[in-house]
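Take a look at the structure below.
Bear in mind the structure is a predicted one, so any value in this text is a computation, not a measurement. All chains are named by letter (A, B, ...) in the order of the sequence lines, taking the proteins before the strands, and each is independently numbered beginning at 1.
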Number of protein chains: 2
Amino acid sequence: MAPTIRDVAEASGVSISTASKGLHGKGRMRDDTRDRIIAVARELGFRPNLNASSLTSGRTFTVGLLTRDGYGRFTPTLLGGIEDSLTAETSSLLLCDARRDTVRERHYLDALIAKRVDGLIITGRATDPTPHAPRNLPFPVVYAYRTSDDPTDTSVTVDDEHGGYLAGRQLLRQGCRSILHLTGPAHYLAVTERISGARRALAEHGLELPDERVVHLPFDENQAYRSVNRLLERFPDTDGIFCGNDQLGRGVADALTAAGRRVPEDIALVGFDNWTLLAAHTRPPLTSIDMNLYSLGRTVGETMLNSINGSATPGVVKQTCMLAIRESCPAPAEGDPVWTSDYPMIPDA
Amino acid sequence: MAPTIRDVAEASGVSISTASKGLHGKGRMRDDTRDRIIAVARELGFRPNLNASSLTSGRTFTVGLLTRDGYGRFTPTLLGGIEDSLTAETSSLLLCDARRDTVRERHYLDALIAKRVDGLIITGRATDPTPHAPRNLPFPVVYAYRTSDDPTDTSVTVDDEHGGYLAGRQLLRQGCRSILHLTGPAHYLAVTERISGARRALAEHGLELPDERVVHLPFDENQAYRSVNRLLERFPDTDGIFCGNDQLGRGVADALTAAGRRVPEDIALVGFDNWTLLAAHTRPPLTSIDMNLYSLGRTVGETMLNSINGSATPGVVKQTCMLAIRESCPAPAEGDPVWTSDYPMIPDA
DNA sequence: GTGAAAGCGCTAACAC
DNA sequence: GTGTTAGCGCTTTCAC
């Protein structure tokens with residue numbers, strides 16, 4: 001049984017309230033009294049029961065993290081950022097994976113209410129808006145990566161349009177003028193935003209990315225591998241390909257190489273996600289767009305802390321992307337934001 | 001402010017203690033009284049404050065999850081399993097990522113003690129034994145994936161020897177007799193155990209895997225890509241390669257194809273990890289060993305619940321692996337355990 | 001059947 | 001300076 005403040009008080013010959021004040025540096029008391037209390041507490045290995053103090057303080061220093069569709073490839077990095085910023089107030093994350101099951105989700109929400117978390121972060125595996133949580137939750141909600149379908153909620157997400165813009169600019173800097181875009185299913189918001197961004201970049205140079213040069217595939221490496229050379233027969237002038245993610249990028253790179261085309265000399269390539277494992281090990285390594293998920297996580301955590309402390313900033317915040325330049329499109333960035341280092345501790349994925 | 005049991009009691013015209021009993025189906029009381037209490041509670045949206053009840057119950061229904069070296073590629077799947085088994089007792093996970101920093105770790109342990117978690121799961125990104133946690137923690141500890149350096153602690157991990165054995169057997173069934181093993185650095189326990197397992201399989205057929213045919217590289221696809229053809233010059237009789245993980249497997253597959261060798265006709269390939277993203281999209285798709293991490297997670301969670309309930313089963317439990325058969329080594333499994341489905345909800349990584 | 005009272009561990013207002 | 005007291009939300013024992 002863990003020692004209580006009562007044990008500390010008795011062992012140091014003071015009352016419980018004096019012990020409490022002594023431990024928290026509050027109130028006035030003789031220095032030696034305070035020192036004695038602290039010494040005794042340390043000796044006993046006393047750790048105040050946060051559940052007890054939460055009754056009076058109203059804070060649990062715990063934030064729920066609800067993912068609606070499982071943990072994905074981006075989750076670890078995002079989590080790292082959130083955790084790091086929450087530790088500023090020694091808060092920690094309570095994990096809830098609803099697995100697209102409404103019953104599970106309600107169950108988790110009830111558990112989070114029962115535990116009186118200070119706030120809730122709702123996330124998911126795509127950036128598309130998600131139905132907002134019930135309105136009567138007794139704590140603030142922040143949407144991360146996935147936004148809320150109500151734009152007046154607080155959401156922090158990726159600026160995919162900017163990512164697409166960076167990708168387009170980078171291909172242009174490489175000298176490409178006839179660009180092809182291989183990407184995922186059109187129902188993803190990220191997919192359409194990346195297209196808009198690329199178009200904006202091209203437009204700045206008086207170029208276009210017509211609909212027929214935008215090809216939607218499943219986000220599957222093999223599909224890209226099998227499709228790309230056929231596409232190049234249709235668009236033989238192509239000198240640059242913007243791939244909707246690194247999986248597609250990898251498939252494209254492998255197919256081009258197999259067909260005897262040189263990357264980037266004949267065709268330059270830009271991917272998306274900067275998933276090191278894939279991008280850095282493609283032959284040649286892929287230039288890609290980094291979404292700065294660690295940093296996004298930090299912003300999410302800080303936003304959460306602000307919401308808890310009442311200084312809410314509702315609305316959607318979009319975080320810009322960075323260029324991770326590698327050999328598949330090596331042009332110097334010329335002022336565009338460049339990704340250099342990884343997440344503080346390099347993940348193995 | 002969330003409604004309290006007092007609100008429920010007043011609104012239903014009974015005392016607090018009656019309300020408590022009514023809500024928990026305890027004690028004797030008139031049916032209509034109980035019904036009224038429950039109805040009122042539902043109407044008010046009452047959720048009992050678990051922090052308050054933890055004071056008397058001694059249970060918080062929260063389990064800490066401490067990772068010492070960050071979240072890796074295996075974490076999401078493992079987490080999924082742990083979470084699923086913990087929900088059996090409506091417990092949830094409190095996340096702590098110590099990032100190889102002892103100060104952070106101590107900080108997290110203190111936070112977990114302060115929150116009076118019911119137990120602690122310690123994990124990491126490799127299976128190698130990790131220094132055990134302080135002995136005076138006021139809750140049970142279970143080591144997951146990474147074992148404790150004290151074998152009398154409770155650890156649940158992967159049976160890498162068995163994985164290596166399955167890999168070896170599969171190559172043999174494919175007809176391979178001259179096997180090469182490309183794997184990671186020898187300081188990983190998993191690496192040496194997988195070697196032992198492969199040797200055991202070969203020995204059953206009177207074959208050997210001599211030291212010079214075991215090649216240690218960094219776990220890096222490009223290293224494998226660059227090394228394998230040189231190695232084949234040195235061991236030209238090779239008809240099967242066991243790769244220490246799927247990254248190496250992918251590098252090997254690509255290099256073999258580029259050199260004009262056919263997989264599996266000339267050389268069969270088995271990887272390890274069954275990392276779908278990589279294994280299923282290699283050309284040809286890689287046969288691999290699945291560590292059943294979701295199931296491992298479930299075992300970890302159940303072990304945790306048992307420890308909490310006092311029915312401890314100290315010691316190291318190792319969970320067997322499965323064969324994920326694909327084209328790079330397609331021989332039928334003949335009774336060996338075969339991996340079929342993925343984690344309940346398919347992760348995108 | 002129902003309720004009063006004590007107590008879980010801690011904090012804070014107010015005495016002394 | 002230090003202690004007494006009340007109370008946070010809930011459970012449980014024990015009267016009535």
Side-chain angles (χ1 to χ4, degrees), chain A residues 1-38 40-41 44-62 110-118 138-139, chain B residues 1-38 40-41 44-62 110-118 138-139:
Chain A
M1 211 50 212
T4 73
I5 198 172
R6 182 191 194 116
D7 299 322
V8 175
E10 285 177 0
S12 37
V14 297
S15 75
I16 292 180
S17 62
T18 305
S20 173
K21 276 179 272 183
L23 290 167
H24 291 76
K26 293 186 176 174
R28 267 175 292 270
M29 72 182 58
R30 287 213 314 274
D31 281 353
D32 65 315
T33 310
R34 171 157 293 149
D35 294 347
R36 187 160 30 96
I37 294 170
I38 292 177
V40 167
L44 264 50
F46 168 74
R47 304 281 165 199
N49 183 332
L50 210 57
N51 301 309
S53 51
S54 84
L55 288 189
T56 45
S57 73
R59 290 265 328 241
T60 54
F61 298 95
T62 302
D110 286 344
L112 291 170
I113 297 174
K115 290 184 178 164
R116 299 294 191 269
V117 294
D118 296 329
F139 39 70
Chain B
M1 211 51 208
T4 73
I5 197 171
R6 182 193 194 114
D7 299 323
V8 175
E10 285 178 358
S12 36
V14 296
S15 74
I16 292 180
S17 58
T18 303
S20 174
K21 275 180 274 185
L23 290 168
H24 292 77
K26 293 187 178 173
R28 268 175 291 271
M29 72 182 62
R30 288 215 312 276
D31 280 354
D32 66 314
T33 310
R34 171 157 295 149
D35 294 348
R36 187 158 32 97
I37 294 172
I38 292 177
V40 167
L44 264 49
F46 169 74
R47 304 283 165 199
N49 184 332
L50 211 57
N51 300 308
S53 51
S54 84
L55 288 188
T56 44
S57 73
R59 290 264 329 240
T60 54
F61 298 95
T62 303
D110 286 343
L112 292 170
I113 297 174
K115 290 183 179 165
R116 299 294 190 268
V117 294
D118 296 329
F139 40 69

N/O to N/O distances under 3.5 Å, protein versus nucleotides 11-14 of chain D:
| from | atom 1 | to | atom 2 | distance (Å) |
| --- | --- | --- | --- | --- |
| D:dT11 | OP1 | B:H24 | NE2 | 2.9 |
| D:dT11 | OP2 | B:S20 | OG | 3.0 |
| D:dT12 | OP2 | B:K26 | NZ | 3.1 |

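Atoms CG (A:L50) and C1' (C:dG9) sit 11 Å apart, rounded to a whole Å. The separation between A:L55 atom CG and C:dC8 atom C1' is 9 Å, rounded to whole Å. The interatomic distance linking B:M29 (CE) with C:dT2 (C1') rounds to 8 Å, in whole Å. Rounding to whole angstrom units, CG of residue B:L44 and P of D:dG9 are separated by 14 Å. Here C:dT2 presents its C1' atom at 12 Å from CZ of B:R34, a figure rounded to the nearest Å. At whole-Å resolution of the value, CZ in A:F46 and C1' in C:dT11 are 12 Å apart. Atom CD1 of B:I37 is separated from atom C1' of C:dT2 by 10 Å (rounded to the nearest Å). Following rounding to the nearest Å, A:R28 (CZ) and C:dC16 (P) show an atom-to-atom distance of 18 Å.
Comparing the end axes of the helix from C:dG1-D:dC16 to C:dC16-D:dG1, each fitted to five base pairs by superposing C1' atoms of four pairs onto the next four, gives an inter-axis angle of 50° (nearest 10 degrees).
Once rounded to the nearest 0.5 Å, the distance linking CG of B:L112 with CG of B:D118 reads 11.5 Å. Within the model, atoms CD1 of B:I5 and CG of B:L44 stand 12.0 Å from one another, a figure rounded to the nearest 0.5 Å. Distance check: B:L55 CG to B:T60 OG1 gives 11.0 Å after rounding to the nearest 0.5 Å. Taken from CZ in B:R28 to CZ in B:R34, the straight-line distance is 10.5 Å, to the nearest 0.5 Å. Once rounded to the nearest 0.5 Å, the distance linking OG of A:S54 with NZ of B:K115 reads 10.5 Å. Atom CG of B:N51 and atom OG of A:S53 lie 9.0 Å apart (nearest 0.5 Å).
Residue B:T33 places its side chain closer to C:dT2 than to any other of C:dT2, D:dG3, C:dC10. The side chain of A:T4 sits closest to C:dC10 out of C:dC10, D:dG1, D:dC10. Of the candidate nucleotides C:dG9, D:dG3, D:dC10, D:dC10 has the atom lying nearest to any side-chain atom of A:R116.
In this structure A:R6 satisfies the side-chain contact (heavy atoms from CB on, under 4.5 Å) test together with A:T4, A:E10, A:I16, sequence neighbours excluded.
The residue B:S54 sits apart from the nucleic acid: no heavy atom pair falls under 4.0 Å.
With contacts defined as side-chain heavy-atom distances shorter than 4.5 Å, the pair A:M29/A:V14 does not qualify.
Nucleotides of DNA chain C nearest to B:D32 and B:A52 differ in position, and the one nearer the 5' end is that of B:D32.
Between the side chain of B:R47 and the backbone N or O of A:D110 there is no donor-acceptor pair closer than 3.5 Å.
For the pair A:R30 and D:dT2, the criterion of a side-chain N or O lying under 4.0 Å from OP1 or OP2 is met.
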